[in-house]
Amino acid sequence: MCEYRITGGRPLAGRLTVQGAKNSVLPILAATVLAEGESVIHNCPRLTDVSATLGILRLLGCRVAQEGSTIRVDASTLERNCVPDRLMGELRSSVTFLGALLSRCGGAELAYPGGCQLGPRPIDLHLKALRLLGAQVLEEGGRLICRSRGEMRGQELCLSIPSVGATENAMLAAVGCRGVTTIVGAAQEPEIEDLQAFLRAMGAEIEGAGSPMIRIFGGKPLHPAEHRVIGDRMAAATYLCAVGAAGGCVALSGVEPSHLTAVLSVLEEAGADIHTGDGSISMACAAPLCGVRPVRTAPHPGFPTDAQAPLMAAFSCGTGTTMFVENMFLSRYGHVGELARMGADIQVDGRVAVVTGRRLHGAAVRGSDLRGAAALVVAALAARGESQVSGVEYILRGYENLDSDLAALGAQIQLV
Ligand code: EPU
């Protein structure tokens, strides 16, 4: 069992290149099965979620090679369209194989996806979209059996929630349908734009990603492609929150500032000095963050739910009071009880958490989801004395080098 030992109270300073985006690379790897031949994906972070996705691709019969941050997937040898339960359960994004395999093979059989426990995470919108495109979806013994009933045809799909995963699945399925598919109420996250860029590189005709309406002119012949994944805005947000908590200054490269507008504006309001450039963000924080207007999580371009926990950690060791409202997931305050062990003053009532900043002290704490575990690291960097943060396995799902990156900025952090 691993844990981080962190001695807090040291300001952070230096430069970091941000890893490639976890939530981009996963659906893009699923999309490689759409065409025969070898696709090459650059800027892939080394994460356990990426390894699990490569495991699925290998099991489907694809040839996979990973060298540094480049992954090659040759889907010419694809020979199966069934994914075993164990692999499906390792991550949430495994569900995007449904749309991709349906497009390539006309069918897919897989279990419900796993992922961090953040409250109910249904996939009804994914299945509704696939059914409207002409797929028959049966649910038998916890497995989903999905087959195209004759030729799948483009349709207008209206998503009642701008779900990231449902938008991705609909895009992946629609490129294989004849005719035009319009996704109305689509998710607008940068990772959706990145998926569109990869699908276009494969020869798909698709437009509108980044807006609420995406149009796919399906049935075009697809070929393998080369693509560079965007920088990870959530890893960047976590490093900025770490500087907000511990103080200091950091220059991040490899991340697009416009992907983080909502996060940067809260940090600025809290007193951070932020400068952005082409693919870079620098932030200096001389004093503890001070309380700001309520932070309400919302679909992009609103404040991202994935940055809620790290930001809450930074405010819990700042000054003043800040209210958080978690609108995206029912149960995303798993870090609150652990922050309280470090002395944090956070009152939770349903979706609302009210944080009053104070000096934290080191403690033994346990993360129970990816961003919640990262939040505990952020708090430990500012706390007086030593903390032991366990739940490292969650962090390794989404952060390539959290401990060595923070150590390079001057943090006293060790993985033991
Ligand atoms: N929802 C439904 N029905 C559906 C799909 C979603 O009710 O069929 C609801 C969910 O229960 C949730 C909301 O819609 O309340 C938003 O869910 P969404 O589908 O957008 O999320 P996701 O695709 O499961 C992705 C990221 C999450 C991120 C969310 C929101 C990946 C692999 N995961 O999840 O990232 O929090 O979008 O931005 O892309 C993380 O990286 O730590 C993480 C959890």
Side-chain angles (χ1 to χ4, degrees), residues 12 15-25 45 47 116 118 164 188-191 194 229-277 279-285 289 292 295-318 322 324 326-329 332 335 339 355 367 369-379 381-382 394-395 397-402 405-406 409 411:
L12 305 178
R15 299 178 172 278
L16 283 183
T17 302
V18 175
Q19 69 185 52
K22 167 180 84 80
N23 291 344
S24 268
V25 73
L47 305 171
C116 285
L118 311 172
V164 172
Q188 300 173 58
E189 270 69 1
E191 293 76 18
D194 209 21
V229 169
I230 57 170
D232 194 311
R233 62 197 170 103
M234 291 312 147
T238 305
Y239 292 124
L240 298 177
C241 291
V243 175
C249 57
V250 68
L252 302 178
S253 55
V255 61
E256 172 50 48
S258 65
H259 294 169
L260 277 162
T261 305
V263 175
L264 299 184
S265 108
V266 174
L267 288 168
E268 266 185 326
E269 190 185 334
D273 184 22
I274 295 177
H275 295 275
T276 59
S280 68
I281 302 172
S282 61
M283 174 171 139
C285 210
L289 294 180
V292 296
V295 176
R296 300 172 198 279
T297 65
H300 192 79
F303 189 89
T305 173
D306 294 345
Q308 175 256 106
L311 186 72
M312 187 180 290
F315 278 121
S316 69
C317 50
T322 301
F324 284 80
E326 173 53 60
N327 291 312
M328 300 298 292
F329 291 102
R332 209 163 192 186
H335 47 286
L339 289 173
V355 184
D369 69 273
L370 165 58
R371 309 300 169 187
L376 301 180
V377 171
V378 167
L381 294 171
Y394 294 106
I395 288 182
R397 298 181 71 150
Y399 297 90
E400 188 169 31
N401 295 314
L402 189 65
D405 281 350
L406 291 170
L409 296 178

Working to the nearest 0.5 Å, report the span between [atom1] of [X] and [atom2] of [Y].
X	Y	atom1	atom2	answer
Gln19	Leu402	CD	CG	9.0 Å
His275	Glu268	NE2	CD	8.5 Å
Leu252	Tyr239	CG	OH	9.0 Å
Thr305	His300	OG1	NE2	14.5 Å
Thr276	Ile281	OG1	CD1	7.5 Å
Ile395	Asp369	CD1	CG	10.0 Å

Please check if the side chain of [X] supplies one atom and the backbone of [Y] the other of a donor-acceptor pair under 3.5 Å.
X	Y	result
Thr17	Ser253	no
Glu191	Asn23	no
Thr322	Val355	no

Legend entry - Residues forming a side-chain contact (heavy atoms from CB on, under 4.5 Å) with Leu370, sequence neighbours excluded: Lys22, Cys116, Tyr399
Closest heavy-atom pair and its distance - [X], [Y]:
X	Y	result
Gly367	Leu376	N-CD1, 3.5 Å
Leu339	Ala379	CD2-CB, 3.4 Å
Met283	Gly244	CE-N, 3.6 Å
Ala242	Leu406	CB-CD2, 4.2 Å
Leu381	Ala411	CD2-CB, 3.6 Å
Val229	Ser24	CG1-CB, 3.7 Å

Inset, instruction - State, with a plain yes or no, whether a side-chain heavy atom of Arg233 is found less than 4.5 Å away from one of Pro304. - result: yes
Inset, instruction - Using side chain to side chain contact (heavy atoms under 4.5 Å, CB included) as the criterion, point out the one residue from Leu260, Ile230, Asp232, Leu240 that pairs with Val255. - result: Leu260
Please list, one pair per line, the donor and acceptor atoms closer than 3.5 Å that link side chains of residues 307-318 to other protein atoms, with sequence neighbours excluded.
| from | atom 1 | to | atom 2 | distance (Å) |
| --- | --- | --- | --- | --- |
| Gln308 | OE1 | His335 | NE2 | 3.0 |
| Gln308 | NE2 | Glu326 | OE1 | 3.0 |
| Gln308 | NE2 | Arg332 | O | 3.1 |
| Ser316 | OG | Ala313 | O | 2.7 |

